[in-house]
Amino acid sequence: MPHDLRPTVLRDELIELGDAFRAYQSAAEPDLAGLAELHERKARAFTTWADVTGDGSLRAEARRAEQAAATALAQHAQRTGEGASGVTRLLTGPNQWEHARAVLAHARDHAPVPGPEARLVVLMLTLRSACGGSGNVTGLDVKGWPLTDPEQVLQSLVDAGWLRLPGTVSDLLASGSDNPTRVGVDSLLAPDGVSGVLGLGKTTRAKLSGWAQKTVGERTLRKKKLPAAGRLLALACAAHSSADGRLGAVGRGLGLDALAALCAVDTSEIGALVEQLTAAEWFSDVSLTDTHLMGGLSERVLPLGCPVPAGTGTEAASGTGSGGA
């Protein structure tokens, strides 16, 4: 750091940060939340320094500090089960968050029928059947999903060979908790015919299924009668937010094309869905650019968030998939 750096406020901040990092390293116990704050201060300072000097290497250092801050927050969440602002999350650690994003991507890439309603059903049934290619579903479960014609959607998945039922779709819709329907999704079986292709254990599968069910059936989304595409967008944004609820890793936003692919809609439809979620108070603030959705989750949604590790793509798991309805 040059001794004559101007403005002096920036120079003083960098000196103070150096002292603070040395103090952290000599501390008896790690304070990951405090470390994240130091990295965030460093990122702001180095961004300002880069603006003053025009030095690209300083800007790169600022980006590395941002990534380090997000990593420290994720580690803090893993240790405590909490995220930023003391939020207790439904999914409590990085492993579960990564699995949530992986299942969303799997549904995007393997849904055999187009459209958001079929995509939502594929996602929910994948989570029921992820471990051994089969799982229990009741008619009440299906009625909790926003489908205009549940029988038609389920039948289309049966006809495509993706869903296997012991009886008819009508039988499934009539089944209750005392006699659930055992559905089969053979494509979820690994070659050994036992384990699942998604690598989920029973406990993780159950937690992920509960997370998706709670998000899709969230009270305000039900009250506003959001369609399947809106519920999928709600899931995608929750699964691809930073530790403090900002959309994307380190709050850099989510690509519209990637969101459309996850929701099985055209990119041009994302704006209307964002308006619906905004009316349902899903976001604390939100804005659309030509390519990205920017903003953050509202406070009540934070428990559903799955912080994205720093350094990963923010394009909703970086995949493109098939976004057409």
Side-chain angles (χ1 to χ4, degrees), residues 32-33 35-47 50 59-80 82-85 87 89-106 108 208 211 215 232-263 267 270 274 277 282-299 301-321:
L32 292 173
L35 179 61
E37 182 178 356
L38 289 178
H39 281 301
E40 289 170 351
R41 285 176 59 188
K42 179 181 177 181
R44 290 193 295 269
F46 272 70
T47 297
R59 206 171 300 281
E61 185 65 29
R63 286 195 294 270
R64 284 192 288 271
E66 290 176 342
Q67 294 169 357
T71 299
L73 281 174
Q75 291 171 342
H76 174 70
Q78 185 177 22
R79 288 190 175 196
T80 64
E82 298 181 348
S85 304
V87 175
R89 301 185 189 276
L90 195 61
L91 299 179
T92 56
N95 186 52
Q96 293 177 9
W97 303 335
E98 287 299 328
H99 279 309
R101 289 185 281 272
V103 174
L104 288 173
H106 181 88
R108 175 197 66 202
L208 291 176
W211 167 77
T215 304
L232 286 167
L233 183 58
L235 276 167
C237 290
H240 296 88
S241 55
S242 63
D244 61 355
R246 307 305 295 173
L247 299 180
V250 202
R252 290 179 178 167
L254 296 172
L256 300 184
D257 288 345
L259 286 174
L262 287 174
C263 300
T267 304
I270 293 295
V274 169
L277 283 173
W282 197 258
F283 301 116
S284 59
D285 59 273
V286 71
S287 62
L288 285 168
T289 70
D290 290 341
T291 59
H292 282 71
L293 174 63
M294 310 296 296
L297 304 176
S298 67
E299 186 175 352
V301 176
L302 288 179
L304 302 172
C306 302
V308 179
T312 60
T314 60
E315 302 297 309
S318 299
T320 53

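None of these values were measured; they are calculated from a predicted model.
- Residues C306 and Q96 form no side-chain contact, since every pair of their non-hydrogen atoms from C-beta on lies 4.5 Å or further apart.
- The side chain to side chain contact (heavy atoms under 4.5 Å, CB included) test applied to A60 returns R63, R64, not counting sequence neighbours.
- Considering only heavy atoms from C-beta on, C263 stays 4.5 Å or farther from L235 through its side chain.
- Shown here for L304 and W211, the closest heavy-atom pair between the two residues is O-NE1, 2.8 Å.
- Taking all atoms of both residues into account, the shortest heavy-atom contact from G305 to W97 is O-NE1, 4.1 Å.
- Under the 4.5 Å side-chain criterion, counting only non-hydrogen atoms from C-beta, L254 is not in contact with M294.
- Taking both residues in full, the closest heavy atoms of H292 and R252 are given as CD2-O, 4.1 Å, listed atom of the first, atom of the second, then distance.
- A236 and L262 get closest at one heavy-atom pair: CB-CD1, 3.9 Å.
- In this structure, CD in E66 is found 10.0 Å from CZ in R44, a value given to the nearest 0.5 Å.
- Every residue meeting the side chain to side chain contact (heavy atoms under 4.5 Å, CB included) condition with S242, not counting sequence neighbours, appears here in chain and number order: D244, R246.
- Shortest non-hydrogen contact noted between L288 and L256 is CD2-CD2, 3.6 Å.
- Within the 4.5 Å cutoff, no side-chain heavy atoms of L233 are placed close to those of W282.
- The salt bridge (Lys or Arg N to Asp or Glu O under 4.0 Å) search around E40 returns none, not counting sequence neighbours.
- When the side chain to side chain contact (heavy atoms under 4.5 Å, CB included) test is applied to S298, the partners found at least two apart in sequence or on another chain are R300, V301.
- Residues S241 and L297 approach most closely at OG-CD1, 3.7 Å, considering heavy atoms.
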One pair to check against side chain to side chain contact (heavy atoms under 4.5 Å, CB included): H240 and L259. What are the steps and the verdict? CA-CA 10 Å; H240 296 88; L259 286 174; 5.9 Å; no
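- Under the side chain to side chain contact (heavy atoms under 4.5 Å, CB included) criterion, A65 pairs with K42, A43, not counting sequence neighbours.
- Proximity of a side-chain donor or acceptor of R89 to a complementary backbone N or O of L302 within less than 3.5 Å is detected.
- Here H99 pairs with nothing under the ring pair (Phe, Tyr, Trp, His ring centres under 6.0 Å) rule; sequence neighbours left out.
- Atoms OG1 and CG, on T215 and L90 in that order, are 7.0 Å from each other to the nearest 0.5 Å.
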